[in-house]
> 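Before I ask anything, here is the structure I am working with.
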Protein chains: 2
Amino acid sequence: MKKTPHAPADLPRNRILQGDCIAQMNALPAGSVDLVFADPPYNLQLRGDLHRPDNSRVDAVDDDWDRFDSFKAYDTFTHAWLTAARRVLKPNGAIWVIGSYHNIFRVGAALQDAGFWVLNDVIWRKSNPMPNFRGKRLTNAHETLIWASRGEGAKYTFNYEALKALNDDVQMRSDWVIPLCTGHERLKDEKGDKAHPTQKPEALLHRVIVGTTNAGDVVLDPFFGTGTTGAVARKLGRDFIGIERDAGYIKAAQARLDKVRPYDASAIEVTRAKRAEPRVPFGQLVERGLLRPGETLVSPRNKAAKVRADGTLIADNVKGSIHQVGAALEGAPSCNGWTYWSFRREGKTVPIDVLRQQIRAELS
Amino acid sequence: MKKTPHAPADLPRNRILQGDCIAQMNALPAGSVDLVFADPPYNLQLRGDLHRPDNSRVDAVDDDWDRFDSFKAYDTFTHAWLTAARRVLKPNGAIWVIGSYHNIFRVGAALQDAGFWVLNDVIWRKSNPMPNFRGKRLTNAHETLIWASRGEGAKYTFNYEALKALNDDVQMRSDWVIPLCTGHERLKDEKGDKAHPTQKPEALLHRVIVGTTNAGDVVLDPFFGTGTTGAVARKLGRDFIGIERDAGYIKAAQARLDKVRPYDASAIEVTRAKRAEPRVPFGQLVERGLLRPGETLVSPRNKAAKVRADGTLIADNVKGSIHQVGAALEGAPSCNGWTYWSFRREGKTVPIDVLRQQIRAELS
DNA sequence: ATGACTATTGAATCTGCTG
DNA sequence: TCAGCAGATTCAATAGTCA
C-alpha cells in the first residue's frame, strides 16, 4: 500500500467524528485529504402524503436534516461546507458531490463560485427507480454527481485504465447504470426498518474510489450517514474520515465498518454491468425519423395502419401499440408487431424489425 | 387543429426574428407563448453574448477578466433572458433549457431564482458521443435538460400517455437515449462543413414537443440557430417563433423550414389520458337501467354493497358514493369505485367500468 | 430444490374540477 | 380561495409463501 506523502500524522484516519461538518472540517489540518465525497441534504420540498396506486403510503424523506427555509438558506449552508472542504483538500485533491434536481444546480454553481473546477458531471442512472405514481411527471430515474478538482489547472487522480477495465474494456462514460441500494446491502435497524433513508449503493462508491483515488489515500465524507463511503474505502485499501451529527447513524456505521475486511472482491462484482439486448421501443423509430407519422404500415394479409406521432398505430376503429393493433386486426389474443408489420420503401415491402436491428447495431 | 385561446392575433407565428433575444422577447406581448425551448450559448469565450446588468454589451476586447467576472457576467446574461422568457410565457406555459456541466448549474439555479419551478431534469444520453481522446476524464456522453413550469403550483401540459406510448407502454423516464445529430439530418454549408456547431437531433425535440405541448401551441426558441425547434414544431402541427442574431444561421434555418411539411392531423393526434374523457356519474348507470336499485355489487375481496336509486351505495354501516364506500370498506384513504366494484350477470362477475365505457361509446 | 405467486419498497418537490 | 369529492395512477427487484 502506497503511503500518501505529506499526510499529517495526527489525521484521525478511519474514525467517525461526531458533530457539525463545518466545525469538524475546520478542526482538521489544511491540505490533508485526497478526496471529499459528499452526499449533502437535497432540500426536497414535499407537500402532503403520497400514495401508490395500491393505496400504500410512500415512506418519504421528511427528516429535519433535509429542511431549509429557503434557497438562500440552502445556498449559505452549501457555500460554508464547500469552503471548509476545499481548505482540507490537498492541492491535487478532488471532490465528488451527489444530488438531485432539487439541489444539484445550486451545489454546482456554489462549487464553481468556491473555485473548484468541474471535471465531469456524472449521471447515476437507476435501473430500478421509484416510478411516478400519479403520472404527472417523468420517472425521476437518475441522480447527478459532480466531480471537480480543487481549482482550474490543478492536477487530480484519474485511473483511466481501471475504469475502462470495469467497463468491459470500453472507455468509461459519464452515465453509470447502477441499481438502488436494496436487499441485504441495505442496513436495517432493530425494528427491521431502513436505518437511513438515503443509503447509497456501494457500487457507486466503488466506481468513484477506484477511479479517482490511489491505495492509501484519505477519503473524507462530511455527511457520513451510515458509512457507505467508509466501508468501500476500507475494502479498497483507502482510509476514510467520516463526519456525522446523528448518533444513531454513527452507531450503525461503526457496526458496519467493524465487519469490513479490506480487499473484499464482492463489491467489484456488483459493479460489473449486465449486458442485455437493449429494448428498442417502436416509438424510437418515429422519433428518429426512420418512420414518418402518417406513414402506412401493412400486415402480411395487406391490412393497413397509420403511424402516429406518439408511436401508436391507428387502423379502422383500433388505436394502440403495434402489438395491440396487430392482435385486434387478426382477432388474436396477442401479436408480435415487430414481425407482423412492414413498411414500403422504393416499391419494396420491408419488415419494421429491420429498423429495430439498425438501432440496436448503433447502440452496441 | 385546435386553436390556442387568448393568443394575440399579432403574434409573429412561424417567423424568425433577427436580433438580440432579450430585446426581441420584450417586444412580444406578455403571456403569449405556450412553451420556450432554449439552447443558450455557454462558451465563455463568446463574450459578445454577455450583457452587463444595464443590458449593455460586455466589451469583447476586455481581457482583464477573472473567473468570477466571467461567471458573474454569465449569470447576469442568464437572468436577463430567463426573465424575458418568463414574461412572454402564458401562466400555464413551461420552459425547457439544455446545457452541459459548463453552464447548466448556473442556468438551473437562475431558473429557480427567477421563479420557475423545476419539474424534472432530463438526461440526454448520447448513444454515439465523442470519446475522450486524452483519457484524462470520463467520456462526456450526455447533456442535461431542465423542464420547469412558470412557477410553483402552476399548471403545465404533460402528455403522459403519449410519452408512455413512445416508450413501449412503460412510463417515460428522465434519461433519454438519443443519438447525436449526424448524417443527412445534419445541415451543411456550401463548403460541406457543418452549418452549426451544436445542432440538436430532431428526435430530442420530437419528444419534448409531443410530451409537453398540444397541437396549435406556440413554441418560442430564443436561440434558434439552424431551426431544429421550428422544423419539429411545424411537422407536429405546432407554431414556432424563432429568435436568432446570426444572419447565416437564419438563412440556413429558413431554407430548412421552407421544405418542412406538417404531418397530417390524424398522425399528430396522440393517445389521450382517461382524465380527458367525458365524466359519467355513476347515477347514470342507474337512471339508464344498466343497474337496478337494490342490485348487489361485489368487491375484489367479496364485500358486498347495495345500489340505491340515487346512485349511492349502502353496505353494513356505510353509505355514500361508489368511491367512498369502497374506501371505507378497505380502510384506504381513497378508492376508485369504477375499478373496485363489479356486478353479476348470467353467473359472471363484470366490472362496472364496462358499463361506463358503454355509455362513453354512445356519447362519441 | 424449483417454480409460481404474492407482498413489499425505493431521495417524490406526484390531481383537478366544482361550487 | 378553499373545502369537498370524483377518480386516476406504478416499475423493477427482492423476499417470502406455498404447491
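Side chains are part of it too, since the values below use all heavy atoms of this structure and drop only hydrogens, waters and symmetry mates. Throughout, a chain's letter reflects where its sequence line sits, starting with A, and its residues are numbered from 1.
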> So which atom in A:P281 and which in A:R279 form the shortest heavy-atom distance, rounded to 0.1 Å?
CD-O, 3.6 Å

> Should A:R186 be listed as having a side-chain N or O under 4.0 Å from OP1 or OP2 of D:dA13?
no

> Which nucleotide in the set D:dC11, D:dA8, C:dT13 lies at the smallest distance from any side-chain heavy atom of A:R137?
C:dT13

> Atom CZ in A:R67, atom CG in A:L46: separation rounded to 0.5 Å?
9.0 Å

> So, is B:K164 close to the D:dT10 phosphate, meaning a side-chain N or O under 4.0 Å from OP1 or OP2?
yes

> Using a heavy-atom cut-off of under 4.0 Å over every strand shown, decide if B:S334 touches base, sugar-phosphate, or nothing.
base

> If the P atom of C:dA11 is compared with that of D:dA8, how far apart are they to the nearest Å?
30 Å

> Would you call B:K274 and B:E161 a salt bridge, using N to O less than 4.0 angstrom?
no

> Report yes if a side-chain nitrogen or oxygen of B:S321 is closer than 4.0 Å to either non-bridging phosphate oxygen (OP1 or OP2) of D:dA6; otherwise report no.
yes

> Which nucleotide wins on minimum distance to the side chain of A:P131, given the candidates C:dA12, D:dT10, C:dA11?
D:dT10

> Quiz question: by atom type and distance under 3.5 Å, do the side chains of A:S321 and A:H323 form a donor-acceptor pair?
no

> Could you check whether B:W341 and B:F282 have their ring centres less than 6.0 Å apart?
no

> Return no unless some side-chain N or O of B:Y340 is found under 4.0 Å from OP1 or OP2 of D:dA8.
no

> Are the charged groups of B:R288 and B:E362 less than 4.0 angstrom apart, N to O?
yes

> D:dA6 and C:dA12: how far apart are their C1' atoms, nearest whole angstrom?
24 Å

> Supply the atom-to-atom distance B:L313 CG to B:L329 CG, rounded to the nearest 0.5 angstrom.
9.0 Å

> When the nearest nucleotide of DNA chain C is assigned to A:R134 and to A:K200 on a heavy-atom basis, which residue is associated with the more 5' position?
A:K200

> Given D:dA6, C:dA12, C:dA11, identify the nucleotide with an atom nearest to the side chain of B:Q324.
D:dA6

> Among D:dA6, C:dA11, C:dT9, which is the nearest nucleotide to the side chain of B:R279?
D:dA6

> Can you check whether A:F133 stacks with the C:dC14 base, using ring centres under 5.5 Å and planes within 30°?
no

> Is it the case that the ring center of A:F223 lies less than 6.0 angstrom away from the ring center of A:W81?
yes

> Do B:D113 and A:R106 meet the salt-bridge criterion of a basic N to acidic O distance under 4.0 Å?
yes

> Could you work out which one of D:dT10, C:dG10, D:dC11 sits closest to the side chain of A:R52?
C:dG10

> Would you measure the distance from the C1' atom in C:dG16 across to the matching atom in D:dT9 and give it in whole Å?
14 Å

> Do B:T212 and B:W96 get their side chains close enough for a donor-acceptor pair, meaning under 3.5 Å?
yes

> Describe the nucleic acid contact of A:G48 in one word from base, sugar-phosphate, nothing, applying a heavy-atom distance below 4.0 Å.
base

> Closest-nucleotide mapping onto DNA chain C: is B:N120 or A:K136 further toward the 5' terminus? I mean the 5' end.
B:N120

> Heavy atoms within less than 4.0 Å of DNA chain C: which residues of residues 148-158 of chain B have one? Give them sorted by number.
B:K155

> Expressed as a whole number of Å, how far does the C1' atom of C:dC14 sit from that of D:dG7?
15 Å

> Of all the choices, C:dC14, D:dT10, C:dA12, which nucleotide is nearest to the side chain of A:R47 once you look at every atom?
C:dC14

> Among C:dT13, D:dA13, C:dC14, which is the nearest nucleotide to the side chain of A:F71?
C:dT13

> So what is the 5' to 3' dot-bracket string for DNA chain D, if pairs are Watson-Crick or G-U wobble with both distances under 3.5 Å, crossing pairs use [ ] and | means the partner sits on another strand?
.|||||....|||||||||

> Has A:R245 got its NZ or CZ under 6.0 Å from the middle of the six-membered ring of A:W65, at an angle within 45 degrees of the ring axis?
no

> A:H184 side chain N/O closer than 4.0 Å to the phosphate oxygens (OP1, OP2) of D:dA15?
yes

> With heavy atoms under 4.0 Å as the rule, sort A:P129 into base, sugar-phosphate or nothing.
base

